[in-house]
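Reviewing the structure listed below.
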Amino acid sequence: MYRSLLELALQKLRSIKVDGFIYIAAHARIIHFFKEELSVPAVIACAYTDFPFMPSVVIEDEQGGYDIMKYVLSMGHSRIGIIGGHANSIHTKKRLLGAQKAMCEAEVLYNPDWVFYGTWDRDSGYELAKPLIEAGVTAIFCMSDHMAGGVYDYLEECGLKAGVDVSVAGFNNQDEAEYFRPALTTMALPLYEIGYKSAEILLKEIDGERDIVCGGMTEEIETPCSLVIRKSVGKVKS
């Protein structure tokens, strides 16, 4: 279905004779649709491709996972649970790798039994908070703000408070994050920067100022997230 829709879209773009285009994906995945050299320059935003002639501008997920975990560690936490999205998601894998690196540098034990995978939504955050709280973690890193909201819900049911009894960190900096009580510490996605960089690359390719072949290798331009510190990660009580 996606392939047929893409082919229709490409056919439409060719019919109006565009000079180039940006393919914007909903989430990070490998795009396999492009199997032939295109007649115009193109850039993929927020996803990857195995097509060697098309640059990809993506979120720097691994560094984002590293930065948020490093902040949690800086607040004295060593018993840290992690709630990821789908286990096979590129976002999940890269953010987890970054978190592991931060823990390794801090010489804090990474416990795979404290890592759970959900479906990015509030319900899965709620469900997966239970085993982590029972295990006695002092902080939970959620790979989406929606899942962090579910953790807040579970803590409230248990008579616990986020940022006081259990610290909670999110990812994505969705609009709701600053309205949580307490406001959620999270990572802001570089969506504006990805759009700007994608357009900048495309314009250079159209003007012939940039080699689109890239030596026959796929090219990935990673764009860093930003740490947004609010009130949901507190210092470990002595």
Side-chain angles (χ1 to χ4, degrees), residues 2-3 5-7 9-10 13 18-71 82 84-105 117 120 141-145 170-174 186-228:
Y2 289 114
R3 186 174 182 83
L5 289 173
L6 179 62
E7 288 171 347
L10 290 174
L13 291 172
V18 297
D19 294 322
F21 69 90
I22 299 172
Y23 181 98
I24 302 174
H27 59 87
R29 63 190 190 281
I30 299 176
I31 305 295
H32 299 290
F33 299 142
F34 304 101
K35 297 301 183 185
E36 301 175 0
E37 185 172 354
L38 300 169
S39 58
V40 295
V43 178
I44 286 187
C46 297
Y48 301 81
T49 181
D50 51 6
F51 187 65
F53 305 102
M54 187 178 298
S56 299
V57 184
V58 296
I59 298 167
E60 197 171 13
D61 278 303
E62 183 178 326
Q63 185 65 43
Y66 176 90
D67 289 343
I68 192 80
M69 182 57 74
K70 187 173 181 179
Y71 178 71
I82 298 174
H86 300 289
N88 292 327
S89 163
I90 293 175
H91 293 302
T92 298
K93 290 178 179 179
K94 287 181 174 287
R95 292 172 191 178
L96 181 59
L97 180 58
Q100 290 172 323
K101 286 184 176 180
M103 296 177 79
C104 181
E105 287 183 8
Y117 300 98
W120 301 109
F141 164 38
C142 301
M143 294 190 193
S144 84
D145 296 342
F171 211 105
N172 294 345
N173 195 35
Q174 290 159 316
T186 185
M187 296 299 295
L189 299 182
L191 301 180
Y192 175 90
E193 292 80 3
I194 286 175
Y196 187 96
K197 187 64 177 179
S198 298
E200 182 180 55
I201 291 171
L202 183 63
L203 290 172
K204 287 183 178 179
E205 291 186 355
I206 291 172
D207 291 339
E209 298 176 4
R210 194 173 188 276
D211 181 10
I212 66 171
V213 177
C214 304
M217 302 291 290
T218 55
E219 181 182 12
E220 297 167 3
I221 298 93
E222 293 187 319
T223 312
C225 302
S226 302
L227 177 63
V228 181

Of the non-hydrogen atoms in L202 and I22, which two are nearest, and what is the gap between them? CD2-CG1, 3.7 Å
For V58 against A47, the heavy-atom pair lying closest together: CG1-O, 3.2 Å
Interatomic distance, CD1@I194 vs CD@E60, rounded to 0.5 Å, equals 10.5 Å
Inter-residue atom distance T49.OG1 - E220.CD, 0.5 Å rounding: 9.5 Å
Within the 4.5 Å heavy-atom criterion, are Y196 and T223 side-chain neighbours or not? no
Measure the CD1-SG distance between I68 and C225 for me, rounded to the nearest 0.5 Å. 10.0 Å
With the side chain counted from C-beta on, respond yes when L189 and F171 share a heavy-atom pair under 4.5 Å apart, and no when they do not. yes
Quick check for you: to the nearest 0.5 Å, what is the distance between N88 atom CG and R29 atom CZ? 15.0 Å
I want to check something: taking the side chain as every heavy atom from C-beta on, are K204 and I201 in contact at a cut-off of under 4.5 Å? no
Student check: side-chain heavy atoms of I82 and M69 closer than 4.5 Å: yes
Looking only at heavy atoms, the pair that brings A188 and V228 closest together is CB-CG2, 3.8 Å
Output yes when a side-chain donor or acceptor of T92 lies under 3.5 Å from a complementary backbone atom of G85, and no otherwise. yes
Just so I know, are the side chains of P55 and E205 near enough to count as touching, which here means a heavy-atom distance under 4.5 Å? yes
Inter-residue atom distance Y66.OH - C104.SG, 0.5 Å rounding: 10.0 Å
Using a 4.5 Å cut-off on heavy atoms from C-beta on, say whether the side chain of L227 contacts that of M187. yes
Answer yes or no: is there a donor N or O on one side and an acceptor on the other, between the side chain of D61 and the main chain of K94, under 3.5 Å? no
Residues which pass salt bridge (charged side-chain N to carboxylate O under 4.0 Å, His left out) with E62, listed by chain and number, not counting sequence neighbours: K101
Passing candidate, side chain to side chain contact (heavy atoms under 4.5 Å, CB included) with V57, options E222, K197, E193: K197
Classify the ring geometry between W120 and H91 as parallel (under 30°), tilted (30 to 60°) or perpendicular (over 60°). perpendicular
Please tell me if the side chains of L96 and M143 come closer than 4.5 Å, counting only heavy atoms from C-beta onward. yes
Quick one: pull up CD in Q63 and CG in L97 and give me the separation to the nearest 0.5 Å. 11.0 Å
